[in-house]
Amino acid sequence: MSDYGGGRPMARYIRHACAFCTLLLAALLVNAARVQVVQSRLYDDNPANRRPTIARYGQPRGDIVVDGEPVTGSVDTGEQLRYERAYRNGPLYAPVTGFASQTYGTTFLEHAADGVLSGTDPMLSPLPLWNDMTHKPAPAGNLVTTLNRHAQEAAYRGLAGRKGAVAAIEPATGRILALVTSPSYDPGQLSGNGEAVASAWERLNHDPEKPMLNRAVRQTYPPGSTFKVVTAAAALDAGAVMDVDEPTDSPEPYRLPGTTTRLTNEADGCRDASLRTAFEWSCNTVFAKLGVDVGVTNMVATAQAFGFDDTTLRIPFSAATSTFDPHVDRAQLALSSIGQYNTRATPLQMAMVASAVADGGQLRSPYLVERTTRHTGETVAGSGAHPVRQVMNPATAVRLKELMTDVVREGTGGRAAIPGAVVGGKTGTAQHGVGNSGVPYAWFISWAQAKDALEPQVAVAVVVEDASANRGEISGGGDAAPIARDVMRAVLGK
């Protein structure tokens with residue numbers, strides 16, 4: 001009996017011990033969950049924790065695709081940071097891909113789509129919560145671009161190492177067909193983490209030619225006479241010009257309002273010229289006076305409709321803001337209206353100007369990514385909605401198409417002509433430097449339509465910084481127009 005009676009407290013102790021052990025186990029599980037779930041981000045972001053970095057480079061990076069072919073890849077180094085980024089034709093596509101470096105991070109598409117390309121984007125996994133718990137990324141996805149490989153190659157060949165840039169857009173959609181900057185660099189030189197990478201970084205950043213500068217979207221230039229397309233649109237929309245063939249009552253030289261400064265022309269026959277003649281031969285005096293006649297309010301409104309002063313443009317990486325100064329007096333407005341004073345534009349912006357003319361006055365937001373896919377090729381996301389706005393009256397766009405066609409057929413843009421196609425263009429010579437002493441930037445913007453096509457298929461902007469023309473010549477027709485022609489021919493298949 002005593003043994004039986006003594007077993008009751010023993011059983012109670014066992015039950016208490018079991019309950020205590022259960023409580024300890026529960027506390028351990030709760031703490032593990034707290035560490036792994038609640039505080040996981042804190043540990044992930046700790047600089048001393050290398051596991052996320054090791055995991056990030058533990059699988060091949062997704063590809064950036066052009067015309068069905070990847071222009072990127074991954075190299076298995078066998079090291080702790082196992083996979084390094086590789087590039088095919090790196091200098092050709094650098095302004096699009098950017099770089100993905102184990103040391104210096106990412107830029108351009110490599111940065112904007114890093115989640116997809118690294119496999120960390122939740123939409124790539126059917127079980128994102130499980131992946132988050134295990135810290136294991138899904139297989140990396142791919143990025144399909146809008147680029148036309150032949151147009152990209154034509155632009156790169158045309159620049160031939162000279163400082164400058166090319167942007168080409170499909171007017172009806174906003175798809176970016178080419179985006180080239182020169183001189184360029186090989187982003188693969190920055191992929192790893194060794195001494196060679198650090199040396200390449202120092203060399204590229206101190207190169208006076210700035211090969212890492214994306215001149216197509218991150219550099220603004222005075223657009224010179226190519227901006228006269230915008231001024232002409234404002235004048236026609238505001239009714240400052242009713243008939244493109246009527247005299248414009250423009251003196252030569254033109255005295256800037258409120259000053260003694262006289263504006264002259266490089267071409268002859270600009271006195272009292274019609275808008276058609278002034279556009280064809282790029283008469284500064286006519287367009288400066290037109291800008292003043294239209295007024296600051298209407299000029300600013302038209303410029304902003306084309307995309308100037310837009311700080312939100314992303315393609316999907318950000319573009320530098322093109323500017324048209326709204327705080328000007330009448331003399332400054334005159335200069336602004338011919339693409340001088342504080343007027344600045346990226347090549348992408350000027351391609352947008354040509355695109356709006358080509359598409360009946362409608363401007364579609366440019367974009368560079370067609371869709372993202374899983375590694376199996378299954379589409380995860382399309383390009384999304386792209387806003388469209390009416391920049392000018394459709395009738396104004398029709399007139400501007402006529403004027404731009406005349407420039408190529410009879411005026412300063414003859415070297416952009418393509419047999420079997422209708423081509424419209426506008427040359428530009430942007431003076432710069434102290435006292436305009438620098439060699440002018442050569443500009444050409446244009447659009448092209450095959451004669452059997454229903455609508456223009458491509459709009460292009462080209463700028464060449466170190467143009468071969470002497471100061472004062474209309475160099476856009478000689479230096480930039482042939483490059484635009486070759487890009488347009490590549491798109492048209494001519």
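For reference, positions follow the sequence shown, starting with 1.
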### Task
Verify whether one side chain among E110 and Y87 offers a donor that lies under 3.5 Å from an acceptor in the other.
yes
### Message
Between T145 (side chain only) and V65 (backbone N and O only), is there a donor and an acceptor less than 3.5 Å apart?
### Response
yes
#### Entry: Pair T106-D114, side-chain donor/acceptor within less than 3.5 Å
no
### Task
Begin from the C-alpha positions of V458 and L177 and carry the test side chain to side chain contact (heavy atoms under 4.5 Å, CB included) through to its verdict.
CA-CA 8 Å; V458 58; L177 304 178; 4.1 Å; yes
### Query
Got a donor-acceptor contact below 3.5 angstrom from the E153 side chain to the R157 backbone?
no
### Message
Distance alone, cut at 3.5 Å: any donor-acceptor contact between the side chains of T379 and R374?
### Response
no
### No-hydrogen, no-angle side-chain donor-acceptor test under 3.5 Å, Q332 and R330
no
### Query
Is NZ or CZ of K426 both nearer than 6.0 Å to the six-membered ring centre of F279 and within 45° of the ring axis?
yes
### Task
Give a yes or no answer on whether the side chain of R218 reaches the backbone of A320 with a donor-acceptor pair at less than 3.5 Å.
no
### Message
Can a side-chain donor-acceptor contact be found between N265 and N284 if the only test is distance below 3.5 angstrom?
### Response
no
### Task
Among T226, T343, V463, T346, find the one that has a side-chain contact (heavy atoms from CB on, under 4.5 Å) with Y221.
V463
### Residue among R162, K210, R215 satisfying side-chain contact (heavy atoms from CB on, under 4.5 Å) with P183
R215
### Query
Under the 3.5 angstrom rule, does the side chain of Q390 hit a backbone N or O of M392 as a donor-acceptor pair?
yes
### Query
Picking from T72, N142, T373, what satisfies side chain to side chain donor-acceptor pair (under 3.5 Å) with D63?
T72
### Query
Any side-chain donor-acceptor pair under 3.5 Å between S225 and K228?
yes
### Task
Using only heavy-atom distances, determine whether the side chains of S250 and D272 contain a donor-acceptor pair under 3.5 Å.
no
### Message
Could you measure the distance from the OG atom of S446 to the CD1 atom of I418? Nearest 0.5 Å is fine.
### Response
8.0 Å
### Task
Could you verify whether a donor N or O on one side chain and an acceptor N or O on the other, from T277 and E280, lie under 3.5 Å apart?
no
### Message
For T311 and T321, which I'm curious about, is there any donor-acceptor pair between the side chains at under 3.5 Å?
### Response
no
### Task
State, without any angle test, whether N214 and T181 hold a side-chain donor-acceptor pair at a distance under 3.5 Å.
no
### Message
Checking ring-ring contact (aromatic ring centres under 6.0 Å, His included) between F227 and each of F287, F306, F308, which is the one that passes?
### Response
F308
### Query
Can you tell me if S182 and S184 form a side-chain donor-acceptor pair at under 3.5 Å?
no
